[in-house]
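Bear in mind the structure is a predicted one, so any value in this text is a computation, not a measurement. Per chain, numbering begins at 1; letters A, B, ... match sequence-line order.
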Number of protein chains: 2
Amino acid sequence: MTTEERIKKQRELIEEIGRYFDKEGMQPIAGRILGLLMVMDKELFTFEEITKELQISKSSASVALKNLEIRGQIEYTTLLGDRKRYFHLKNHEASSVIEDTVRKMNAAKNMFNYIIELKADKNSKNSIFLKEMIRMFEVILFNFNKSIIDYEKSKKD
Amino acid sequence: MTTEERIKKQRELIEEIGRYFDKEGMQPIAGRILGLLMVMDKELFTFEEITKELQISKSSASVALKNLEIRGQIEYTTLLGDRKRYFHLKNHEASSVIEDTVRKMNAAKNMFNYIIELKADKNSKNSIFLKEMIRMFEVILFNFNKSIIDYEKSKKD
DNA sequence: TATATGGTTTATAAAGTTACGAACCAAAAA
DNA sequence: TTTTTGGTTCGTAACTTTATAAACCATATA
């Protein structure tokens, strides 16, 4: 694969990643920015470079960048004597992915428990189904804790 | 708690569940229908009952029910000599929740691998970060498989 | 002090989504 | 055959989201 082919594929991948995050509930431009910051060889982009590369307005870039920052997906570095911000992907701890999933799963579990609590018949079809789901969640949550430990352990190798 | 209090709380919970699924990308009415089918003591609802309970039009109900069916969240039962459909929560296997997550995670993993494949520098900051994420996914996927096995095992008790 | 740089905020246009009523349709009942 | 039941589809209004241009602002530079 020539360098040109590679770079062409990278640009195509930006669009694909954009659509991917779009489906995950992100706004289209934010998804594409994230794609840009992920796939290109260059990994630091200024505000102006982002607007040029993606052909978007300053305001769209400004709004999307703020959203991505709030979500904790990107951050920026500044250089002494340089007013520009250099945006890049946020290198968050991989284990925070698990922690997020755990939080969500606990929220669902609590909701399901409350539904059962309010049921007249604790052995109705839904009650039994929800209890099953809760039990499944508990198995997953237990193994998630193990996942974090396993991951931290494997990190040291 | 009196029965009236309980039922009042159930109705409040329907709205809360509606907002919950709304945030998960579902349309408001679909979320509320799902809430209705989850929390009430009655667990089988006809089309007409749904429109009455939630005070929505027939067309809204029709569209939302079709979407929920396609997503595999609900299904209906029919009775011999009765044209009505009795909608209820779909009692899918709890382990299918994991299988879905596994599918998603594998898609993300493949995307990350492809990004690295297209990088000029396989040891760039992003490459290293993405490799870390991939490794984390692999640990999670391994433990997910264990979760399914553990769950199936505990089911027999 | 005036001007350029690096953005943010505001107002609005364009597009997309949601929900509704009304018209419609197929099957069953009268 | 006509009417009722149990929905679906269509056209549209209301609302929400997205993206823009233009105005604005703070800091740095001339």
Which atom pairs, one a donor and one an acceptor, fall under 3.5 Å between side chains of residues 136-153 of chain B and the rest of the protein, sequence neighbours left out?
{"unit_1": "Glu138(B)", "atom_1": "OE2", "unit_2": "Lys109(B)", "atom_2": "NZ", "d": "3.4"}
{"unit_1": "Asn143(B)", "atom_1": "ND2", "unit_2": "Ser147(A)", "atom_2": "OG", "d": "2.6"}
{"unit_1": "Asn143(B)", "atom_1": "ND2", "unit_2": "Val139(B)", "atom_2": "O", "d": "3.4"}
{"unit_1": "Asn145(B)", "atom_1": "ND2", "unit_2": "Leu141(B)", "atom_2": "O", "d": "3.4"}
{"unit_1": "Lys146(B)", "atom_1": "NZ", "unit_2": "Asp150(B)", "atom_2": "OD2", "d": "3.4"}
{"unit_1": "Ser147(B)", "atom_1": "OG", "unit_2": "Asn143(A)", "atom_2": "ND2", "d": "2.7"}
{"unit_1": "Ser147(B)", "atom_1": "OG", "unit_2": "Asn143(B)", "atom_2": "O", "d": "3.1"}
{"unit_1": "Tyr151(B)", "atom_1": "OH", "unit_2": "Glu132(A)", "atom_2": "OE1", "d": "2.3"}

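- Taking atom CD of Glu49(A) as the reference point, atom C1' of dG7(C) lies 15 Å away to the nearest angstrom.
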Q: Indicate for each nucleotide in nucleotides 20-28 of chain C, in 5' to 3' sequence, whether protein heavy atoms under 4.0 Å reach the base (B), only the sugar-phosphate (S), or nothing (-).
A: BB----BBS
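- As a whole-Å value, the separation of Lys84(B) NZ from dA29(C) P is 12 Å.
- Contact check, Arg85(A) against dT27(D): no side-chain N or O comes under 4.0 Å of OP1 or OP2.
- The side chain of Lys66(B) places no N or O atom within less than 4.0 Å of a non-bridging phosphate oxygen (OP1 or OP2) of dG7(D).
- Checked by atom type, the side-chain pair Asp41(B)/Gln10(B) shows a donor-acceptor distance below 3.5 Å.
- Atom OH in Tyr76(B) sits about 15 Å away from atom P in dG6(D), given to the nearest Å.
- Following rounding to the nearest Å, Leu65(B) (CG) and dT18(C) (P) show an atom-to-atom distance of 15 Å.
- Contact annotation: the side chain of Phe47(B) approaches that of Phe87(B) to within less than 4.5 Å [non-hydrogen atoms, C-beta and beyond].
- More than 12 heavy atoms of other shown residues, nucleotides or ligands fall within 6.0 angstrom of atom NZ in Lys42(A).
- Within the 4.0 Å cut-off from OP1 or OP2 of dT17(D), not a single side-chain nitrogen or oxygen of Gln27(A) is found.
- At whole-Å resolution of the value, CG in Asp82(A) and C1' in dT5(C) are 11 Å apart.
- The distance between atom CG of Leu79(A) and atom P of dG6(C), rounded to the nearest whole Å, is 13 Å.
- A side-chain donor from one of Ser154(B) and Arg135(A) sits under 3.5 Å from a side-chain acceptor of the other.
- In this structure, Leu54(A) places its CG atom 17 Å from P of dT18(D), rounding to the nearest Å.
- Ser57(A) and Ser60(A) share a side-chain donor-acceptor pair at under 3.5 Å.
- Residue-environment remark: CZ (Arg6(A)) exceeds the threshold of 12 foreign heavy atoms within 6.0 Å.
- If you measure from atom CZ of Phe45(A) to atom P of dG7(C), you get 15 Å, rounded to the nearest angstrom.
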